[in-house]
Amino acid sequence: MVSVVVPIYNEEELIVRFHEAVAGALTGVADEWEVVYVNDGSTDSSLELLRGLQAVDSHVVVVELSRNWGHMGAISAGLHTARGRAVVLMDGDFQDPPEVLPDLIEEWRKGAEVVVAVRRSRQESRKLLAMLFPMFYRVLGTLSDYPIPLNAGIFSLMDRKALDSVLALQEKNRYLPGLRAWVGFRNSIVYYDRQDRAGGEGKLSFLSRIKYAMDAITSFSYKPLRLSFALFGLSTSLAVVLLLSMLLASNPVTLAALGITAAVFFTGSLLLLCVGVLGEYVGRVYDEVRDRPLSLISRVHRSPVSVSAQIGMVAVPSANFGIRAPEVFAEPEKITKAA
Ligand code: UDP
Ligand code: MG
């Protein structure tokens with residue numbers, strides 16, 4: 001079975017069209033397949049539309065989260081629920097085009113255990129983001145202590161073995177493209193042209209993107225922590241230059257006053273920068289110690305046809321893989337309603 005996991009947050013404009021495209025791409029390519037839609041606390045009619053889709057298509061699995069947890073929380077819940085031998089992860093806004101699905105599956109059939117969809121080109125109507133994405137990948141490429149394929153997001157296929165290895169990683173601030181590379185396995189790449197969002201607004205805030213970029217860098221590099229050494233060198237050199245120029249100056253009092261003020265501000269700001277960088281790491285250590293889940297599932301709706309197959313099945317492994325599900329079984333009464 002091939003599973004496709006899709007996080008959904010307020011995508012009412014696109015859901016039906018998206019599912020048609022995914023179903024079209026998978027029909028005939030995979031004998032058995034499911035699409036796991038994770039409703040990440042949508043406030044529009046997304047959930048109703050998903051349940052409606054499920055009523056007419058038994059391939060649809062709907063995971064309801066207890067609230068809006070954000071992109072990574074939704075993805076995690078979906079990956080834990082998916083039952084396929086191969087699991088594809090993609091966004092539900094057509095930026096990851098469904099027509100690439102057969103290529104991913106074909107690579108998997110040829111023996112690849114991780115198939116990464118890499119962006120050959122990117123259409124991005126948001127100017128600032130279009131400028132920042134290449135910058136981010138350049139910084140990450142330079143800083144990362146481990147080679148991570150650049151220009152690749154979550155869009156990928158993972159074989160069950162690779163997926164279980166990724167899910168076994170407990171870290172709370174996840175950069176999935178990095179973890180996916182880190183676990184290894186036989187990798188393969190499929191290139192695609194990334195489209196602009198097919199409708200609706202982008203759902204991720206600018207701040208959450210910055211946080212994600214920081215997660216990527218802090219979880220794959222210690223280099224920012226070493227920044228303090230470089231800055232120490234810089235501020236020491238400046239102090240020496242100031243000292244020398246004061247010795248040579250014609251009006252030493254004015255120069256000394258200026259020099260001292262500049263030096264105080266300069267060293268102060270360097271110290272704050274270093275403390276800030278340290279804080280980014282310490283905050284993440286705190287997240288690990290608190291060990292809060294990435295998201296909580298309130299219920300999983302499966303179609304009646306596929307329900308008998310999972311009676312008695314424990315969807316969440318006994319170890320805490322970053323997510324706890326209070327209720328993972330399809331609810332018979334809900335199923336009846338859907339039917
Ligand atoms: N999404 C989600 N929870 C959120 C924000 C977004 O599940 O809190 C979903 C969203 O519905 C979409 C995917 O994550 O399917 C990517 O979001 P979006 O397209 O807004 O991000 P962008 O492509 O702008 O980075
Ligand atoms: Mg998008």
Side-chain angles (χ1 to χ4, degrees), residues 1-7 21-22 25-26 29-30 33 35-36 38 71-72 74-76 78-80 82 84-124 129 133-169 171 173-196 204 209 212-213 215-217 219-221:
M1 181 197 264
V2 175
S3 303
V4 178
V5 170
V6 189
V22 170
L26 289 175
V29 174
W33 53 274
V35 189
V36 179
V38 184
H71 195 214
M72 205 42 73
I75 286 173
S76 244
L79 290 179
H80 277 289
R85 293 289 324 150
V87 177
V88 176
L89 192 53
M90 69 195 293
D91 285 344
D93 59 355
F94 287 93
Q95 287 204 278
D96 302 333
E99 55 280 11
V100 181
L101 286 172
D103 299 345
L104 296 178
I105 295 169
E106 164 141 15
E107 284 298 307
W108 170 62
R109 290 218 172 100
K110 282 198 234 153
E113 288 154 319
V114 175
V115 190
V116 182
V118 173
R119 297 154 194 169
R120 188 169 32 209
S121 67
R122 175 196 276 276
Q123 273 189 31
E124 182 59 74
L129 283 181
F133 278 124
M135 247 164 75
F136 163 68
Y137 284 118
R138 207 167 314 137
V139 172
L140 182 65
T142 312
L143 290 182
S144 174
D145 299 324
Y146 186 81
I148 299 171
L150 305 177
N151 292 317
I154 61 156
F155 192 21
S156 56
L157 177 149
M158 282 178 269
D159 181 73
R160 176 51 57 189
K161 235 184 312 174
L163 175 64
D164 285 346
S165 312
V166 168
L167 290 179
L169 300 173
E171 52 198 273
N173 295 288
R174 283 153 179 262
Y175 180 59
L176 198 99
L179 298 178
R180 189 182 55 207
W182 186 85
V183 294
F185 295 97
R186 265 189 302 229
N187 273 239
S188 170
I189 288 179
V190 165
Y191 288 94
Y192 76 104
D193 298 302
R194 189 164 174 85
Q195 307 300 316
D196 216 342
L204 301 176
R209 283 173 205 282
Y212 191 51
D215 286 344
I217 292 168
S219 53
F220 286 94
S221 177

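Since this is a predicted model, take the numbers as computed values, not measurements.
- The closest donor-acceptor contact from the side chain of Arg180 to the backbone of Ala162 lies at 3.5 Å or more, if one exists at all.
- Side chains of Arg160 and Val87 form a contact here, defined as non-hydrogen atoms less than 4.5 Å apart.
- A heavy-atom distance below 4.5 Å is not found between the side chains of Leu157 and Val190.
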Under the criterion side-chain contact (heavy atoms from CB on, under 4.5 Å), I'd like the reasoning laid out for Phe133 against Arg209: C-alpha separation, chi angles, the key distance, then a yes or no.
CA-CA 10 Å; Phe133 278 124; Arg209 283 173 205 282; 4.0 Å; yes

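- Here the straight-line distance linking atom CE of Met72 with atom CG of Leu176 works out to 5.0 Å at 0.5 Å rounding.
- Here Lys110 pairs with Glu107 in a salt bridge; the nearest charged N to carboxylate O distance falls below 4.0 Å.
- The side-chain heavy atoms of Asp159 and Trp108, taken from C-beta on, include a pair separated by under 4.5 Å.
- The structure places CD1 of Ile189 at 11.5 Å from OG of Ser156, a figure rounded to the nearest 0.5 Å.
- Looking at Gln95, its side chain never comes within 3.5 Å of a backbone N or O of Asp196 through a donor-acceptor pair.
- Annotation for Ser219 and Glu171: closest pair CB-OE1, 3.7 Å, computed over non-hydrogen atoms.
- At a threshold of 4.5 Å between non-hydrogen side-chain atoms, the residues Met90 and Pro98 count as touching.
- In plain terms, the two heavy atoms of Ser3 and Gly84 that are nearest each other are OG-N, 2.8 Å.
- Annotation: side chain of Val4 is not in contact with side chain of Trp33 (no heavy-atom distance under 4.5 Å).
- In this structure, the separation between NE2 on His80 and CG on Asp164 is 9.5 Å, given to the nearest 0.5 Å.
- With hydrogens and angles disregarded, no donor-acceptor distance shorter than 3.5 Å links the side chain of Arg194 to the backbone of Asn151.
- With Ser221 as the fixed residue, the side chain to side chain contact (heavy atoms under 4.5 Å, CB included) test singles out one of Thr142, Val139, Asp145, Leu140: Asp145.
- What you find for Tyr212 and Pro177 is that their closest heavy atoms are OH-CD, 3.4 Å.
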Walk me through whether Ile154 and His71 qualify under side-chain contact (heavy atoms from CB on, under 4.5 Å).
CA-CA 10 Å; Ile154 61 156; His71 195 214; 3.8 Å; yes

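- With a 4.5 Å cut-off on side-chain heavy atoms, Leu179 and Phe220 count as touching.
- With contacts defined as side-chain heavy-atom distances shorter than 4.5 Å, the pair Val2/Val29 does not qualify.
- Here the closest heavy-atom approach between residue Val166 and residue Met158 is recorded as CG2-SD, 4.0 Å.
- Residues Leu104 and Ala117 share a closest heavy-atom pair of CD2-CB, 4.3 Å.
- The heavy-atom pair separating Ala152 from Tyr175 by the smallest distance is O-OH, 4.3 Å.
- Put simply, CG on Leu167 and CG on Leu163 are 4.0 Å apart, with the number rounded to the nearest 0.5 Å.
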Val38/Ile75 under side-chain contact (heavy atoms from CB on, under 4.5 Å): CA gap, chis, key distance, verdict:
CA-CA 7 Å; Val38 184; Ile75 286 173; over 6 Å; no

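- Within the 4.5 Å cutoff, side-chain heavy atoms of Tyr192 are placed close to those of Asp96.
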Would Trp182 and Ile148 count as a side-chain contact (heavy atoms from CB on, under 4.5 Å) if you check the C-alpha gap in whole Å, the side-chain angles of each, and the deciding distance to 0.1 Å?
CA-CA 8 Å; Trp182 186 85; Ile148 299 171; over 6 Å; no

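- Within the model, atoms OG of Ser76 and CG of Leu89 stand 9.5 Å from one another, a figure rounded to the nearest 0.5 Å.
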